[in-house]
Structures are given as C-alpha cells and as structure tokens.
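What you see is a predicted model, and the numbers here were worked out from it, not measured in a lab. Note that these values count all heavy atoms, side chains included, but never hydrogens, waters or copies made by symmetry. Counting starts at 1 for both ligands and their atoms, in listed order. When a residue number appears, it is its place in the shown sequence, counting from 1.
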Amino acid sequence: MITGLDHVAIAVADLEAAIARFAEDFGVPLSGREDVPSEQTSTAFFPMPGTRIELIHPMNGEGPVAASLAKRGEGVHHLCFRTDDIEADMARLKEKGYRFLSDAPRPGAHGTRVVFIHPKSAGGVLIELAEHPEEGA
Ligand code: CO
C-alpha cells in the first residue's frame, strides 16, 4: 500500500551549487549525503515535514542521472511514493498494465528497496516506489 510522498528528486549538474541554493538561499537544512553505487548516483537530502527534497547527481559523471541531464537537462527528475509492501504494490500495478524499469526491487538510499515505474505508463511522470527496512512486510 502506498503510504506517503517519500521524496521529490531533482537532477542537478552542479551538486555543490544546488546544495548551497537549498541550504543557504531557501534555508532548508541539509541532513545528509549518500552515494548510491547501484544507481551511480550521489544524493543530498533536505527533509521537510513528512517528506524530503533529494538532489541527485551523477557519480563519476556516469549512470542514469548523467543520461537524464544530457537528454532533458536539470529539473524535477522523479517523485517517490513510500510503500509498506513493495512486492504487493508492484504486482497490483503490473496487473493494471504499469511497466517497471526493473523486474525486482533494487537497493536504494537509506537502506530502502526501490523500483521505478516507466514514465510512459504513468502519464509522463517517473515514479519510484520505496520500502523502508523498518516498514517492510
Ligand atoms: Co528517489
């Protein structure tokens, strides 16, 4: 079951400049940074009540965020729904015709398991599902 908006991810070309924008200009405190090698992505987190903004940047200049920056430039990249049972939500949505970018959940930031719904099957929006370890079924 989808239980909330986990985060909104923004692809940025210059991670340090983007961190400064959110932390200093917008005054939203940076809570942490994490590299996610499985996605070749460096991330920085800005929690807000009930959710967080997540800046994403290519690790070592490669990977899916590098491809996205080259194709579409900077901007909102995906939104992520929190789920309490990722396999059940995948099965339910697959039955309704949604396509996924991988056949099974993969390791995400914060010890989550994540999977992405193809934007072509979701009205042009890239949607991630994330199950946090403490909420797993
Ligand atoms: Co995400």
Side-chain angles (χ1 to χ4, degrees):
M1 186 175 75
I2 288 166
T3 59
L5 179 64
D6 192 75
H7 61 269
V8 175
I10 300 171
V12 301
D14 183 336
L15 185 57
E16 302 311 319
I19 287 172
R21 177 180 312 119
F22 278 81
E24 293 164 23
D25 299 348
F26 299 156
V28 182
L30 173 69
S31 79
R33 302 172 64 150
E34 185 176 342
D35 286 339
V36 185
S38 63
E39 300 294 340
Q40 294 177 279
T41 301
S42 298
T43 62
F45 308 109
F46 297 85
M48 311 196 82
T51 188
R52 67 177 193 277
I53 305 290
E54 183 174 311
L55 303 180
I56 58 175
H57 178 77
M59 248 178 98
N60 311 317
E62 293 175 2
V65 180
S68 172
L69 285 170
K71 196 171 168 189
R72 287 177 289 274
E74 294 188 292
V76 173
H77 184 268
H78 65 268
L79 56 84
C80 177
F81 290 138
R82 189 179 278 247
T83 169
D84 58 6
D85 187 340
I86 197 165
E87 275 86 6
D89 279 321
M90 280 184 81
R92 184 172 61 82
L93 293 169
K94 268 184 184 168
E95 215 158 83
K96 291 179 181 290
Y98 289 88
R99 290 188 289 128
F100 287 81
L101 298 189
S102 61
D103 290 331
R106 296 151 58 106
H110 301 295
T112 53
R113 296 189 307 131
V114 305
V115 71
F116 286 90
I117 300 172
H118 198 295
K120 283 196 174 142
S121 65
V125 181
L126 179 59
I127 296 175
E128 178 181 21
L129 303 178
E131 181 187 289
H132 287 254
E134 73 276 13
E135 292 168 10

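Around the CD atom of Glu16, the shell of radius 6.0 Å holds more than 12 heavy atoms that belong to other residues, nucleotides or ligands. Residue Tyr98 qualifies as open at atom OH: its count of foreign heavy atoms under 6.0 Å is 12 or below. Dense packing is recorded around CG of Asp25, with more than 12 heavy atoms of other residues, nucleotides or ligands lying under 6.0 Å away.
The atom of His7 that is an N, O or S and sits closest to the Co ion (ligand 1) is NE2.
Geometry about the Co ion (ligand 1) gives an angle of 90° between OE1 of Glu128 and NE2 of His78, rounded in steps of 10 degrees.
The distance from the NE2 atom of His110 to the CG atom of Asp6 is 8.0 Å, given to the nearest 0.5 Å.
Not a single N, O or S atom of His77, from either the backbone or the side chain, sits less than 2.8 Å from the Co ion (ligand 1).
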